[in-house]
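A short write-up of the structure that comes next.
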2 protein chains.
Amino acid sequence: MGMIRCTKCGQVHAIAKSGMVRGKQRYYCKDCHIYFTLPDPGNTGVAGTKRPRPGHIATILDIAKALNISKSTVSRALQGHTDIKKETREAVVKMAGKLDYQPNLLAKSLVKSKSNTIGIIVPEFVNYFFPAVIMGAQEIASEAGYNVIICQSQESVKTEIANTKVLLASRVEGVIISMTRETSDFDHFKAFGRHGVPIVFFNRICEKIPASRVMVNDYEGAYNAVEHLIANGYRRIAHISGPPNLRLSQNRINGYLDALKAHKLPSHRSWIIHHDLTAANASDSAKKLLSLRSRPDAIFCVNDPAAIQTLLYAKSIGIKVPDQLGIVGFSDDPISSIIEPQLTTVKQPVSEMGQIAMRILLDQIKLGPGPHKPVHTKLLTNLIVRQSSVRDHP
Amino acid sequence: MGMIRCTKCGQVHAIAKSGMVRGKQRYYCKDCHIYFTLPDPGNTGVAGTKRPRPGHIATILDIAKALNISKSTVSRALQGHTDIKKETREAVVKMAGKLDYQPNLLAKSLVKSKSNTIGIIVPEFVNYFFPAVIMGAQEIASEAGYNVIICQSQESVKTEIANTKVLLASRVEGVIISMTRETSDFDHFKAFGRHGVPIVFFNRICEKIPASRVMVNDYEGAYNAVEHLIANGYRRIAHISGPPNLRLSQNRINGYLDALKAHKLPSHRSWIIHHDLTAANASDSAKKLLSLRSRPDAIFCVNDPAAIQTLLYAKSIGIKVPDQLGIVGFSDDPISSIIEPQLTTVKQPVSEMGQIAMRILLDQIKLGPGPHKPVHTKLLTNLIVRQSSVRDHP
DNA sequence: GTATCTACCGGGAACGATTGCGGTATCGTT
DNA sequence: AACGATACCGCAATCGTTCCCGGTAGATAC
């Protein structure tokens with residue numbers, strides 16, 4: 001029970017009501033029988049001035065009022081409608097410039113139910129690969145007038161799920177995804193399908209969902225890499241693989257195994273080590289392989305970061321590469337041509353991957369809602385032979 | 001003149017009118033004296049069903065109707081308002097889950113005039129530096145419930161201007177910028193200020209604008225690097241610098257020059273070469289320096305990519321590093337600890353840079369509109385001494 | 001001179017949320 | 001019984017666009 005000035009009468013005592021409306025205390029005036037809240041103290045309301053807020057961005061209504069025409073006309077003039085007289089249009093455009101008008105995409109998206117936005121979810125973007133893919137994708141998207149929201153799942157399913165929620169709430173028209181290494185439940189991806197948002201997977205695809213995919217010929221790439229090692233006289237070839245639930249890991253293992261089989265070379269289970277794609281773990285895997293009693297004389301790695309860690313470890317313990325150990329990576333990371341010895345690697349078209357994924361996605365968006373036949377694209381790799389796998393005297 | 005069914009009467013002939021309204025032909029019915037357009041053929045309108053579109057995302061209205069309550073109540077229930085009965089709230093939440101409700105951020109942003117979005121503009125993100133900064137920034141932003149739109153200017157002022165337009169149109173609440181190397185006109189940045197959108201510059205700052213800045217102690221970093229070279233017996237120290245209009249280039253040059261001066265060492269104009277931060281250009285600069293008659297015996301580079309190119313070039317023409325040539329870079333790019341010899345470099349706190357920039361920005365946003373005192377933050381670097389600059393016998 | 005067209009423009013309903021204002025039913029006091 | 005207070009909820013305006021209707025003035029046709 002405090003004395004507070006009522007909005008209708010003079011000061012009368014009023015008491016707290018209606019449990020705090022949006023953070024503001026609500027009062028009731030006994031005499032006037034009305035409810036009221038106190039105005040914000042910040043707003044020293046100068047009556048009469050309509051919208052004097054400093055950071056106000058001009059709207060079409062501002063332009064319309066300045067020109068004494070309707071906002072419909074302004075809207076049509078601004079989007080180049082034929083129905084508008086030339087002078088009117090010019091006046092509108094001029095006034096828009098004068099008022100520093102910037103269209104409110106939020107409002108536009110809302111009314112058109114079209115956000116002009118694409119979502120991209122990647123596990124991380126510190127290692128060369130994903131930024132390069134994103135660059136390719138973004139290039140195509142902005143050519144088509146689309147914006148891109150980039151999300152990092154940070155290899156965590158939990159944030160991956162959070163990412164899908166954000167993208168859904170932002171009403172993206174399509175999504176490009178490379179999964180987390182630990183994603184095994186796919187309900188959050190299906191949400192996109194339920195809401196008619198097309199998906200394109202790349203690199204780390206999900207086979208449980210009938211969506212388009214962009215990958216490289218992992219099997220052939222691995223096969224060729226291993227065959228190249230064999231041709232260079234290596235016989236005890238091990239493999240540092242990726243997380244087993246990723247299709248790309250499986251494909252590259254199969255290529256590796258089949259190449260060995262085709263050349264009647266042995267394959268041991270202990271020669272295949274899965275690692276989680278972190279640098280520290282790759283180095284551990286290399287350590288494990290190189291301290292085996294039956295030490296391999298070559299290692300084919302699922303990607304370049306792993307190959308680089310392997311190479312560094314081998315050097316650190318005095319194993320000569322390529323003489324005592326052959327190494328082949330996968331991706332053609334810029335580091336691989338700088339490290340010594342230079343790394344032989346299976347080059348994959350990284351930027352193109354993003355471009356193609358985006359092109360497929362935009363096509364699906366153009367086709368409109370409804371389930372479409374998924375497009376499965378397999379890009380070609382090629383082996384870049386450098387020093388880490390070539391011996392003069394096998 | 002064709003026979004087309006009128007919307008009001010039976011079929012009467014009608015003729016093209018009103019110059020194609022929004023891509024659709026408009027007709028006029030002579031008998032009814034009305035104008036009309038043909039409905040979209042795609043919509044085989046099943047009357048009665050309100051919104052049967054397949055990809056429809058449930059709205060609060062859908063929830064309200066399903067529960068026979070008003071949408072206001074749904075809205076309040078969903079945001080945990082106190083004014084809602086417990087059973088009602090639970091019913092709403094349950095129905096929201098059942099209908100797979102996802103709030104429409106566009107609508108929310110529109111009505112609240114708050115997009116919950118931050119814009120980031122960087123020149124590129126293939127080289128280690130910018131992705132790492134962005135990661136740091138994004139981390140802080142998502143902790144605070146903000147989304148991030150990332151734009152690449154691709155070192156082009158033109159796309160940088162386009163980026164600002166997009167961010168403005170997306171009603172971002174703040175922007176973090178690292179300029180293009182060629183940006184010399186700043187009107188497009190001022191637009192943010194005019195609209196009350198706070199800016200934080202990092203790395204490549206703009207001094208013509210009273211905005212907050214995050215940088216490292218470029219001068220001291222450079223000074224220490226050069227002093228380190230001097231301590232290792234190098235006397236003819238050159239510098240590959242960045243674009244001259246960037247403050248960081250100037251600061252690092254000054255640190256370089258002052259260190260030379262302090263040790264009474266000569267500095268030649270021909271020993272300072274500006275390069276445009278591309279790899280090819282860095283390599284050219286190294287070539288130019290190393291073919292000078294008075295060849296320098298050490299080079300301090302404005303960043304690691306340049307230092308790496310220099311190192312590679314020196315090796316390619318048989319110059320021994322560090323014996324015949326000392327090299328120091330700037331940034332501590334991951335490559336610098338892998339290349340041989342390992343690169344001495346001035347380490348800057350990259351991820352922290354993004355974090356701090358974002359924190360400053362969020363603070364300014366919290367303070368609300370109106371000009372605030374810009375915050376100028378200078379982070380500390382420290383010299384990582386590796387092999388490329390250390391000689392046993394100076 | 002009238003009927004018919006054309007060129008242009010305005011009114012107003014969406015889009016999907018938030019929120020100020022106010023109403024009803026219920027309960028507790030005196 | 002009457003009144004004050006509380007708990008809960010609905011109405012309707014609002015954000016900035018787009019776009020469907022439709023209307024009017026002038027040109028053209030007959």
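Every chain is numbered from 1, with letters handed out A, B, ... down the list of sequences.
At the heavy-atom level, A/S109 lies nowhere under 4.0 Å from the strands shown. Within 4.0 Å of A/I84, counting heavy atoms only, lie sugar-phosphate atoms of the nucleic acid but no base atom.
Listed for the A/S142 side chain is a donor-acceptor partner under 3.5 Å among the backbone atoms of A/Q138. Within the 3.5 Å criterion, the main-chain N or O of A/K158 finds a donor-acceptor partner in the side chain of A/S156. In this structure, A/S70 contributes its side chain and A/T73 its backbone to a donor-acceptor pair below 3.5 Å. Side-chain N or O atoms of B/R89 include one that pairs as donor or acceptor with a backbone N or O of B/H81 at under 3.5 Å. Checked by atom type and distance alone, the side chain of A/D62 pairs as donor or acceptor with a backbone atom of A/T59 at under 3.5 Å. For the pair B/T88 (side chain) and B/I84 (backbone), a donor-acceptor distance under 3.5 Å is absent.
Judged by distance alone with a 3.5 Å cut-off, no donor-acceptor contact links the side chain of A/R171 to the base of C/dG16. The base of D/dT17 does not come close enough to the side chain of A/K112 for any donor and acceptor atom to sit less than 3.5 Å apart.
For DNA chain D, the neighbouring residues in residues 93-106 of chain A, judged by any heavy atom under 4.0 Å, are A/Y101, A/Q102, A/P103, A/N104.
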_Would A/D100 and B/R194 count as a salt bridge (charged side-chain N to carboxylate O under 4.0 Å, His left out) here? Give the steps._
CA-CA 9 Å; A/D100 207 357; B/R194 280 199 300 273; 2.7 Å; yes
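Distance A/D83 CG to C/dC5 P: 17 Å, rounded to the nearest Å. To the nearest angstrom, C1' of C/dA7 lies 12 Å from CD of A/E87. The separation between B/I69 atom CD1 and D/dA7 atom P is 20 Å, rounded to whole Å. Spacing between atom CG of A/N116 and atom P of D/dT17 amounts to 15 Å, rounded to whole angstrom units. Between the NZ atom of A/K71 and the C1' atom of D/dC20 there is a distance of 13 Å, given to the nearest Å. One interatomic measurement links the two molecules: CG of A/N68 to C1' of C/dG10, which rounds to 13 Å at whole-angstrom precision. One can place NZ of A/K65 at 12 Å from P of D/dT17, the figure rounded to the nearest angstrom. In this entry the distance linking NZ of B/K114 with P of D/dG16 reads 16 Å, nearest Å.
Nearest to the side-chain atoms of B/Q79 among the listed nucleotides D/dC8, C/dG11, C/dT19 stands C/dT19. Among D/dA13, D/dC9, C/dC8, the nucleotide with an atom closest to any side-chain atom of A/K85 is C/dC8. For A/R76, the side-chain atoms get nearest to C/dC9 when compared with the rest of D/dC8, C/dC9, C/dT18. In the set C/dC15, C/dA17, D/dT17, C/dC15 carries the atom at the smallest distance from any side-chain atom of A/L110.
Donor-acceptor pairing under 3.5 Å is recorded for the side chains of B/H188 and B/E160. A/S72 and A/S75 share no side-chain donor-acceptor pair at under 3.5 Å.
Each end of the helix from C/dG1-D/dC30 to C/dT30-D/dA1 gets its own axis from five base pairs, and the two axes differ in direction by 60°, given to 10 degrees.
OP1 and OP2 of D/dA12 both lie 4.0 Å or more from every side-chain N or O belonging to B/S72. Of the side-chain N and O atoms in B/T88, none sit less than 4.0 angstrom from OP1 or OP2 of D/dC8. OP1 or OP2 of C/dG10 lies within a sub-4.0 Å distance of a side-chain N or O belonging to A/S70.
When the options B/T117, B/L361, B/N116 are evaluated for a side-chain contact (heavy atoms from CB on, under 4.5 Å) with B/E173, the one that passes is B/N116.
Toward the 5′ end of DNA chain D lies the nearest nucleotide of B/T73, the other residue of the pair B/T73 and B/A107 mapping further downstream. Along DNA chain C, the nucleotide nearest A/V111 and the nucleotide nearest A/V74 are compared for position; the residue whose nucleotide lies closer to the 5' end is A/V74.
Qualifying ring pair (Phe, Tyr, Trp, His ring centres under 6.0 Å) partners for A/F189, counting only residues two or more places apart in sequence or in other chains: A/F201.
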